[in-house]
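As a basis for the values below, the full set of heavy atoms in this structure was taken, side chains included, without hydrogen atoms, waters or symmetry mates.
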Amino acid sequence: MILKHGAAVAAIKIKQVDKGIDFFFSNRSQGVKFVEFIAKVAPVIRSRHDKQLISHDTKSNNYNYKYTFSVEISPICREDLICLPSKVSLSLGNLGPLVICTKPGDKALGYDLYGANCNDIELDNYKNIVIPDVILVKKSYEEKGLRKRGKARLWKLKALNMEIENDKRGEEEKMKSEYEQFLDDLEENPDMRFNVSLYHNVKQQRLVMD
């Protein structure tokens, strides 16, 4: 959503950090605008802002401040398996307590709970709860993916120009594998592509034509 709407186009630096991303802007108004955008497109749990004095010119009485905005969004993603707190479940008409967002097809991926070791405080609060053996998550496109494996995609995605912290370097292979899995799902699932902008991969198209 950030890329699609150009929300971070004014950022002078973007850095991936532990459990989040830091966006740097040259002035406060740009940061405020970005925070307001995040609040419109994502479920914000809490936010705060701080002001730090960087310098002070006593002659001109000018103050230079550094503004920091912190926004915590919900860590829950589509296709996550969630155990609702009892009060939330009751307020939703006894929905759940295990809930998930899914549209399975002929073959689906899911959670095998039959032999799983469930360690959740909220789940322990429910008495005499019957947990299903399996919870379906999404349609599986594995067969189509295997047929297309090795073929170059004729489209690509734009990515944020983001720095990575040194302690994240060892996770690059894992991140690359997860990104490829995301591209596979995106290629086959029209629901996922709805809010994502795809761009022509001119280089690969030329190779195919040659």
Side-chain angles (χ1 to χ4, degrees), residues 1-52 65-92 95-103 109-111 119-123 125 135 137-138 157-172 174-186 189-198:
M1 295 296 288
I2 293 175
L3 284 169
K4 183 176 182 179
H5 295 277
V9 67
I12 57 177
K13 180 181 177 181
I14 304 174
K15 184 177 182 180
Q16 181 177 347
V17 296
D18 185 37
K19 298 182 180 180
I21 303 175
D22 285 344
F23 293 84
F24 299 84
F25 298 91
S26 59
N27 59 64
R28 180 180 180 275
S29 61
Q30 293 173 343
V32 171
K33 184 177 180 181
F34 183 73
V35 170
E36 291 175 346
F37 170 80
I38 295 297
K40 291 179 181 178
V41 300
V44 174
I45 297 177
R46 62 180 64 89
S47 64
R48 56 172 293 181
H49 67 275
D50 299 296
K51 183 172 69 171
Q52 179 184 359
Y65 290 99
K66 175 184 177 181
Y67 297 91
T68 302
F69 299 88
S70 175
V71 179
E72 182 181 353
I73 64 175
S74 172
I76 300 171
C77 300
R78 183 179 179 183
E79 298 165 1
D80 279 353
L81 179 61
I82 308 161
C83 179
L84 297 175
S86 56
K87 290 184 179 180
V88 176
S89 176
L90 183 63
S91 68
L92 296 175
L95 176 67
L98 295 179
V99 294
I100 200 167
C101 178
T102 175
K103 292 183 68 174
L109 301 177
Y111 292 94
N119 183 18
D120 189 284
I121 297 177
E122 296 296 344
L123 192 60
N125 291 331
I135 294 182
V137 178
K138 64 179 180 178
L157 300 179
K158 285 186 177 180
L160 295 172
N161 185 17
M162 184 165 49
E163 296 181 4
I164 301 178
E165 286 189 328
N166 291 331
D167 57 355
K168 289 286 185 179
R169 298 291 180 184
E171 301 181 10
E172 287 183 345
K174 178 184 176 182
M175 294 168 60
K176 182 178 179 181
S177 176
E178 291 176 348
Y179 182 67
E180 284 298 321
Q181 180 61 51
F182 169 72
L183 294 180
D184 289 340
D185 292 343
L186 192 64
N189 191 338
D191 292 333
M192 288 184 64
R193 294 196 301 270
F194 182 75
N195 286 321
V196 178
S197 297
L198 306 181

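Counted within 6.0 Å of CG on Leu157, heavy atoms from surrounding residues, nucleotides or ligands total more than 12; the atom is thus considered enclosed.
Side-chain contact between Ile14 and Ile21: present, with at least one pair of heavy atoms (C-beta onward) separated by less than 4.5 Å.
The distance from atom CZ of Phe25 to atom CZ of Phe69, rounded to the nearest 0.5 Å, is 10.0 Å. To the nearest 0.5 Å, atom CG of residue Asn125 and atom OG of residue Ser89 are 12.0 Å apart. From Met1, atom CE reaches atom NZ of Lys40 across 11.5 Å, with rounding to the nearest 0.5 Å. Between the NZ atom in Lys66 and the CZ atom in Arg28 there is a gap of 15.5 Å [rounded to 0.5 Å]. The structure places CD of Gln16 at 10.5 Å from CG of Asp22, a figure rounded to the nearest 0.5 Å. Rounded to the nearest 0.5 Å, atoms CD1 (Ile38) and OG (Ser47) are 11.5 Å apart.
Closest approach of Arg48 and Asp50 over heavy atoms only: NH2-OD1, 2.7 Å. Considering all non-hydrogen atoms of both residues, Ser74 and Ile45 come closest at CA-CD1, 3.7 Å.
Panel note: side chain Ser91, backbone Val88; a donor-acceptor pair is recorded below 3.5 Å.
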Only distances under 3.5 Å count here; give the side-chain donor-acceptor pairs of residues 2-13 to other protein atoms, sequence neighbours excluded, each with its distance to 0.1 Å.
none

Working for side chain to side chain contact (heavy atoms under 4.5 Å, CB included), residues Lys15 and Val17: CA-CA 6 Å; Lys15 184 177 182 180; Val17 296; 4.2 Å; yes
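Annotation: ring-ring contact (aromatic ring centres under 6.0 Å, His included) contacts of Tyr67 (sequence neighbours excluded): none.
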